[in-house]
Amino acid sequence: MERLSVETEGVAQRLREGMAGGVLSFPLTSFRDDGSLDLESYRTYLTAQVATAPGAVFPACGTGEFSALDEDEYRAVVEATVEVADSRMPVVAGIGYGWAQALRFARIAEKAGADALLVLPHYLVGAPQDGPVEQLRRIAAGTRLPLIAYQRGQVAFSAGSVRRIAEIPTVIGLKDGHSDLDRLQRLTLAAPDGFPFFNGAATAEIQARAYAAVGVPAYSSAVHAFAPEIADACFTALRDGDDAGVNKLLRDFYVPLVELRDRVPGYAVSLVKAAARLRGLPVGPVRAPLTDPGPVDLVDLEKILDDGLNLVGTVRRRTA
């Protein structure tokens, strides 16, 4: 494997340290009721997220509705994130689509001051293993920023492909969203020592212990986007081996949340935004094609949220 540059290794080390010390934050992007970007509200919301000291912050990714942003909006979101984070933690911006379009976003993120890029699964088409590997090679050739590969949907790397992408000097890790632990174990064994993996399941805490058992303890947390108190309590219980505490959080909060999430396609994002609004956070609605939850689901979400906050000793401030 070609030696990483000093700059790339520095980013990789900061990410490893961040992932060991806390959950990874994937902030929501704030929109107004008319669908326009609300950058001032985003800054307010993000300031609260950053204050909880996540291991890293990943703007304009799946939870941040990357696919709904145009390039000017994307630039504004990444610039605001870099400014608010103020070098306290790595900023890893999402990029995606085909490699040519991904590079357009990569160059915007690079100029905006991002530390690294999360390469979201390419758009729509299936491809043999050579395709996603070549996609990463072409992106790596066009930006100096380190890359984290993301396997989910139609992207599923083989052990051989993981060895190949790990040889790309600026590819510094892999996020997994498939939750196929047999396959994931093979990938971790195929990767070079020190190559970071992290759990990117839709509600990662549900599977965190299983991921840790195959050598992937780090994870992103959608719950952190609206209830960092709950996310941090679960992370602490997992880190400390407090199985009773983990089980209580899973049983009384995370499992009901997942069951509600599974009712409607797209709820992995729109329920998170709705929960943030229930807490008075200025995130606004989702953009089409996502849809906001209906009244019945909002009632159920409110109860689940209150139950979770009660578990960690927090009372939700009621909004008008």
Side-chain angles (χ1 to χ4, degrees), residues 1-2 4 8-20 23-26 54-58 61-63 66 90-97 99 102 106 109 114-122 127-141 143 145-202 204 207-208 210-222:
M1 179 178 176
E2 185 175 338
L4 298 180
T8 298
E9 177 53 40
V11 174
Q13 181 59 29
R14 287 185 69 203
L15 280 167
R16 285 192 289 266
E17 292 170 356
M19 288 191 294
V23 299
L24 305 176
S25 170
F26 282 68
V57 60
F58 289 67
C61 293
T63 307
F66 165 77
V91 173
V92 184
I95 62 171
Y97 308 115
W99 65 264
D115 297 293
L117 303 167
L118 178 67
V119 182
L120 302 169
H122 59 263
Q129 288 292 309
D130 286 348
V133 174
E134 181 64 18
Q135 165 103 331
L136 286 168
R137 285 193 179 125
R138 287 181 177 265
I139 295 170
T143 177
L145 291 182
L147 307 177
I148 298 171
Y150 186 7
Q151 63 167 16
R152 191 183 187 117
Q154 66 268 30
V155 177
F157 292 107
S158 67
S161 292
V162 165
R163 283 191 288 267
R164 292 162 66 194
I165 66 172
E167 290 172 353
I168 302 170
T170 55
V171 174
I172 59 171
L174 187 144
K175 177 183 179 183
D176 175 70
H178 283 296
S179 303
D180 181 341
L181 296 178
D182 178 285
R183 184 187 189 94
L184 184 60
Q185 182 70 91
R186 296 166 191 258
L187 302 189
T188 62
L189 293 172
D193 291 342
F195 187 79
F197 288 76
F198 68 93
N199 168 3
Q207 301 180 70
Y211 268 81
V214 296
V216 184
Y219 61 89
S220 59
S221 174

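- Listed for the Arg152 side chain is a donor-acceptor partner under 3.5 Å among the backbone atoms of Gly200.
- For Asp115 (side chain) and Val92 (main-chain N/O), no donor-acceptor pair under 3.5 Å exists by modelled atom type.
- A pairwise comparison of heavy atoms in Ala114 and Ala93 identifies CB-CB, 4.3 Å as the closest pair.
- Checked by atom type and distance alone, the side chain of Gln129 pairs as donor or acceptor with a backbone atom of Ala156 at under 3.5 Å.
- For the residue pair Leu120 and Gly62, the shortest heavy atom distance occurs at CD2-N, 4.5 Å.
- Taking the side chain to side chain contact (heavy atoms under 4.5 Å, CB included) definition, one finds that Gln154 meets it with His122, sequence neighbours left out.
- Across Tyr219 and Phe198, no two heavy atoms sit closer than the pair N-CB, 4.3 Å.
- In this structure, Glu134 does not pair ionically with Arg164, as no charged nitrogen and carboxylate oxygen lie closer than 4.0 Å.
- Between Pro196 and Met19, the shortest heavy-atom contact is CB-CE, 3.5 Å.
- Atom CG of Leu187 is separated from atom CG of Asp176 by 7.5 Å, given to the nearest 0.5 angstrom.
- Proximity of Phe157 to Leu136: side-chain heavy atoms (C-beta onward) are separated by under 4.5 Å at one or more points.
- A heavy-atom distance below 4.5 Å is found between the side chains of Leu184 and Leu181.
- With values rounded to the nearest 0.5 angstrom, Leu118 atom CG is found 5.5 Å from Phe26 atom CZ.
- In terms of the ring-ring contact (aromatic ring centres under 6.0 Å, His included) criterion, Tyr150 has no residue partners (sequence neighbours excluded).
- Ser179 meets the side chain to side chain donor-acceptor pair (under 3.5 Å) test with Gln207, Tyr211; sequence neighbours excluded.
- Scored by the side chain to side chain donor-acceptor pair (under 3.5 Å) test, Arg163 finds no partners at all (sequence neighbours excluded).
- When every heavy atom of Ala140 is checked against every heavy atom of Ile168, the shortest pair comes out as CB-CG2, 3.6 Å.
- Contacts classified as side-chain hydrogen bond (donor to acceptor under 3.5 Å, both in side chains) and involving residues 188-198 (residues at least two apart or in different chains) are given here: Gln185-Thr188.
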Let me see the working for Arg137 and Glu167 under salt bridge (Lys or Arg N to Asp or Glu O under 4.0 Å), right down to the final yes or no.
-> CA-CA 10 Å; Arg137 285 193 179 125; Glu167 290 172 353; 5.5 Å; no
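- Between the CD1 atom in Ile165 and the CD1 atom in Ile172 there is a gap of 11.5 Å [rounded to 0.5 Å].
- Within the structure, salt bridge (charged side-chain N to carboxylate O under 4.0 Å, His left out) contacts touching residues 180-192 (residues at least two apart or in different chains) are Asp182-Arg186.
- You'll find the side chain of Leu24 reaches within 4.5 Å of the side chain of Phe58, heavy atoms only.
- Scanning all heavy atoms of the two residues, the minimum distance from Gly55 to Pro90 falls at O-CD, 3.5 Å.
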